[in-house]
**Student:** 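This is the structure, below, for whatever I ask next.
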Amino acid sequence: MDMDKLVSLCKRRGIIFPSSEIYGGLNGFWDYGPLGVELKRNIKDAWWRDNITLRDDMVGIDCSIIMNPKVWEASGHVGGFSDPMVDCRETKERYRADQLHVFRYDLAAISEGRVQIFAVALTGGTVDDARGSLSDRMTNLSRKGHLPIKLKDLPEPEVVEFLSVPVADRDGIVGPSATKPGTLTEPRNFNLMFESHAGAIADEANKVYLRPETAQGIFVNFKNVVDTGRVKIPFGIGQIGKSFRNEINPRNFIFRSREFEQMEIEFFCRPDEAAEWYAYWRKTRFQWYIDHGIKSDKLRLRDHDPDELAFYSTATADIEYEFPFGVSELEGIAHRGDYDLGQHQKFSGKDLTYFDEEKKERYLPHVIEPSAGADRATLAFLCEAYQEDEVGGETRTVLKFHPRLAPIKAAVFPLVKRDGMPEMAEKLYRDLKKHFNVFQDEKGAIGRRYRRQDEAGTPFGITIDGQSITDGTVTFRDRDSCRQWRVPSANAVQALRDLLEGQAVPGGESEGQA
RNA sequence: GCGGGUGUAACUCAAUGGUAGAGUACCUGCCUUCCAAGCAGGCAACGUGGGUUCGAUUCCCAUCACCCGCUCCA
């Protein structure tokens with residue numbers, strides 16, 4: 001599957017447009033068109049219904065996007081995730097300043113009081129980890145003649161973090177891939193969160209942030225829900241909503257954008273049952289994608305390595321999809337312990353513990369967080385659905401959406417535009433439209449109308465022909481198999497409902513439309 | 001943010017230092033009884049801003065957007 005073809009189809013069929021396109025677009029922002037908004041809404045509705053409505057242990061919430069800024073101090077987004085970045089002028093590489101380590105030599109005795117320093121980058125390493133890599137790097141620099149002094153003449157170095165080196169001394173540092181000192185820029189802050197001001201006057205005192213995740217709105221409402229929702233642990237709170245992040249580099253269509261929509265669950269449970277619930281959600285959420293049409297082996301469930309985990313998490317798994325641009329994360333299921341409630345308890349000074357009636361015990365619940373990207377899911381469903389088939393020797397482009405997700409559920413066609421067929425089609429269309437999003441098309445050849453709907457992912461076509469006028473039956477046509485069968489017009493609403501709910505297409509295998 | 005590439009109609013492409021042509025799509029007719037049919041007509045584009053030039057869609061610069069790689073993705 002070619003990403004360009006999908007982007008082009010999305011544009012052509014009104015699924016996804018570049019944001020504010022007539023002004024040249026805006027990097028990292030996209031708009032959903034008439035078909036796209038239906039698709040995405042169906043995905044969100046399916047998620048909500050399966051995870052909230054149909055369950056006894058889940059409730060929903062819808063929090064404001066802008067919250068008290070202290071929320072983001074507690075969550076760590078203000079302090080922790082504004083990573084300073086360092087660029088190398090020589091090699092054009094970029095590093096996170098907090099991951100750079102430096103060999104610091106005191107050359108005062110042999111080099112006119114100058115302190116000469118060398119640096120090497122590590123990914124997430126500690127000072128001790130850095131030592132070996134730095135030694136290798138020094139040997140390498142020495143061999144290539146980039147050192148001012150022979151390696152054996154150097155004094156014993158001290159391993160320090162880049163950020164701890166005084167600014168005045170930093171021009172003596174050789175970058176991790178550079179050959180000369182002084183090519184690293186000063187660290188520049190990378191602001192993850194969008195900032196704004198609550199109130200007409202913009203100053204520091206009223207600075208606010210657009211939320212970078214929906215999760216914190218759930219945590220800060222935990223007490224409210226417990227106090228008013230008649231909920232008992234174990235239970236979860238779900239939320240669907242927009243979030244905003246200043247990604248360094250938005251890329252890959254709607255996969256990484258700066259404004260995006262999340263579908264998140266925070267599931268609160270007893271500490272000693274958390275591992276079980278983690279296993280449960282890990283499995284349940286993976287199956288959800290399969291049940292909605294991602295049946296290929298492009299869907300993966302990957303457990304994080306221990307060194308990949310956030311410090312507060314004891315287990316995390318990613319649901320990944322093999323997109324044309326690579327394998328990327330659709331949803332993360334994280335065992336977060338009591339970290340978040342603990343943080344908010346600390347920062348707000350409010351007691352967020354839960355009294356367990358059964359155990360007669362008060363504790364801070366542990367949390368399992370299945371956090372899904374609505375736009376990423378939409379893209380995965382699009383990629384999975386996109387196919388180029390052969391029908392009667394002709395290639396057709398078809399989006400094989402699960403009927404539950406398809407933007408249009410059925411299209412109604414008069415076979416030709418005369419003999420009462422358009423009138424009968426119109427009536428059937430009106431009847432169906434009371435129940436489903438259906439579409440009517442009487443223009444052009446019937447084959448073309450079928451193909452148009454194939455491209456929009458419409459699972460069923462209903463055609464009114466000459467026989468319909470005499471005996472009142474209409475022809476149903478299945479998108480995936482192109483198979484056809486007749487149904488009395490009076491039963492069309494129920495027949496379509498059955499099909500959308502997974503009833504097999506007559507005369508063949510169900511084609512996996514369960 | 002760096003390097004490379006691309007930017008012409010809704011989509012896919014073409015040509016050109018003298019303001020652009022096609023296919024598909026779309027619209028209007030006619031014709032059409034089941035998988036992108038035919039005929040006739042129609043709508044519709046040089047990303048943006050500068051510069052060079054008598055004249056720029058074409059050459060140059062900048063900018064914006066998209067794609068690939070690096071970085072990043074808490």
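To find a chain, count down the sequence lines: A is the first, B the second, and so on, and within it residues start at 1.
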**Student:** Is any side-chain heavy atom of A/R449 closer than 4.5 Å to one of A/P414?
**Tutor:** yes
**Student:** Can you tell me, in whole Å, how much space there is between the P of B/rC67 and that of B/rC61?
**Tutor:** 24 Å
**Student:** Any salt bridge between A/E369 and A/R336, counting N to O under 4.0 Å?
**Tutor:** yes
**Student:** Could you state the CD-P distance from A/E442 to B/rC27, rounded to the nearest angstrom?
**Tutor:** 11 Å
**Student:** In chain order, what residues pass the ring-ring contact (aromatic ring centres under 6.0 Å, His included) check against A/F381, with sequence neighbours excluded?
**Tutor:** none
**Student:** Atom NZ of A/K5 and atom C1' of B/rC67: how far apart are they, to the nearest Å?
**Tutor:** 16 Å
**Student:** To the nearest 0.5 Å, what is the distance between OG1 (A/T314) and NE2 (A/H304)?
**Tutor:** 12.5 Å
**Student:** Any heavy-atom pair between the side chains of A/Y386 and A/L399 that's under 4.5 Å?
**Tutor:** yes
**Student:** Run the ring-centre check on A/Y450 versus A/F413 and record whether the distance is less than 6.0 Å.
**Tutor:** yes
**Student:** Between the side chains of A/E331 and A/Y289, is a donor N or O closer than 3.5 angstrom to an acceptor N or O?
**Tutor:** yes
**Student:** Could you grab the distance from atom CD1 of A/I65 to atom CZ of A/R211, nearest 0.5 Å is fine?
**Tutor:** 4.5 Å
**Student:** Pick base, sugar-phosphate or nothing for A/P212, based on heavy-atom distances below 4.0 Å to the nucleic acid.
**Tutor:** base
**Student:** Once you round it to whole Å, what is the distance between C1' of B/rG7 and NZ of A/K11?
**Tutor:** 13 Å
**Student:** Could you state the atom-to-atom distance from CZ of A/F255 to P of B/rC67 in whole Å?
**Tutor:** 13 Å
**Student:** With A/D454, which residues qualify under side-chain hydrogen bond (donor to acceptor under 3.5 Å, both in side chains), at least two apart?
**Tutor:** A/R396, A/R477
**Student:** Quick one: label A/E21 by what it contacts on the DNA or RNA (base, sugar-phosphate, nothing), any heavy atom closer than 4.0 Å.
**Tutor:** nothing
**Student:** Quantified in whole Å, what is the P atom distance between nucleotide B/rA36 and nucleotide B/rA44?
**Tutor:** 31 Å
**Student:** What is the distance, rounded to the nearest whole Å, between atom CG of A/L9 and atom P of B/rU12?
**Tutor:** 11 Å
**Student:** Would you please enumerate the stems RNA chain B participates in, each stem being three or more consecutive Watson-Crick or G-U wobble pairs with both distances under 3.5 Å?
**Tutor:** B:1-7 with B:64-70, B:10-13 with B:21-24, B:26-30 with B:38-42, B:47-51 with B:59-63
**Student:** Could you give the CG-to-P distance, from A/D2 to B/rU12, as a whole number of Å?
**Tutor:** 11 Å
**Student:** Please work out if A/F413 contacts a base, only the sugar-phosphate, or nothing of the nucleic acid, heavy-atom cut-off 4.0 Å.
**Tutor:** nothing
**Student:** Could you check whether A/Y32 and A/E38, counting side-chain N and O atoms only, form a donor-acceptor pair closer than 3.5 Å?
**Tutor:** no
**Student:** Is the shortest side-chain N/O distance from A/N252 to OP1 or OP2 of B/rC67 below 4.0 Å?
**Tutor:** no
**Student:** Quick one: what's the B/S/- string for nucleotides 46-51 of chain B, heavy-atom cutoff under 4.0 Å, read 5' to 3'?
**Tutor:** ------
**Student:** Could you check whether A/G33 gets within reach of a base, just the sugar-phosphate, or nothing at all, counting any heavy atom under 4.0 Å?
**Tutor:** nothing
**Student:** Would you check, one step at a time, whether the test side-chain hydrogen bond (donor to acceptor under 3.5 Å, both in side chains) holds for A/E264 with A/T214?
**Tutor:** CA-CA 7 Å; A/E264 286 199 299; A/T214 54; 2.5 Å; yes
**Student:** Can you tell me, in whole Å, how much space there is between the P of B/rA9 and that of B/rG47?
**Tutor:** 7 Å
**Student:** Take the protein atom CZ of A/R251 and the nucleotide atom C1' of B/rC68, then report the distance between them rounded to whole Å.
**Tutor:** 7 Å
**Student:** What is the distance, to the nearest angstrom, from the NZ atom on A/K443 to the C1' atom on B/rG29?
**Tutor:** 13 Å
**Student:** Any chance you could measure A/L415, atom CG, to A/I464, atom CD1, to the nearest 0.5 Å?
**Tutor:** 9.5 Å
**Student:** Go through the structure and list residues passing side-chain contact (heavy atoms from CB on, under 4.5 Å) with A/E322, not counting sequence neighbours.
**Tutor:** A/K298, A/R300, A/V327
**Student:** Taking only the C1' atom of each, what is the distance from B/rU33 to B/rA15 in whole angstrom?
**Tutor:** 44 Å
**Student:** Given the C1' atoms of B/rG7 and B/rU12, what is the spacing between them in whole Å?
**Tutor:** 14 Å
**Student:** Sugar-phosphate atoms are those with a prime plus P, OP1 and OP2; base atoms are the rest. Using that split, label each nucleotide of nucleotides 33-40 of chain B B, S or - for protein heavy atoms under 4.0 Å, 5' to 3'.
**Tutor:** BBBBB---
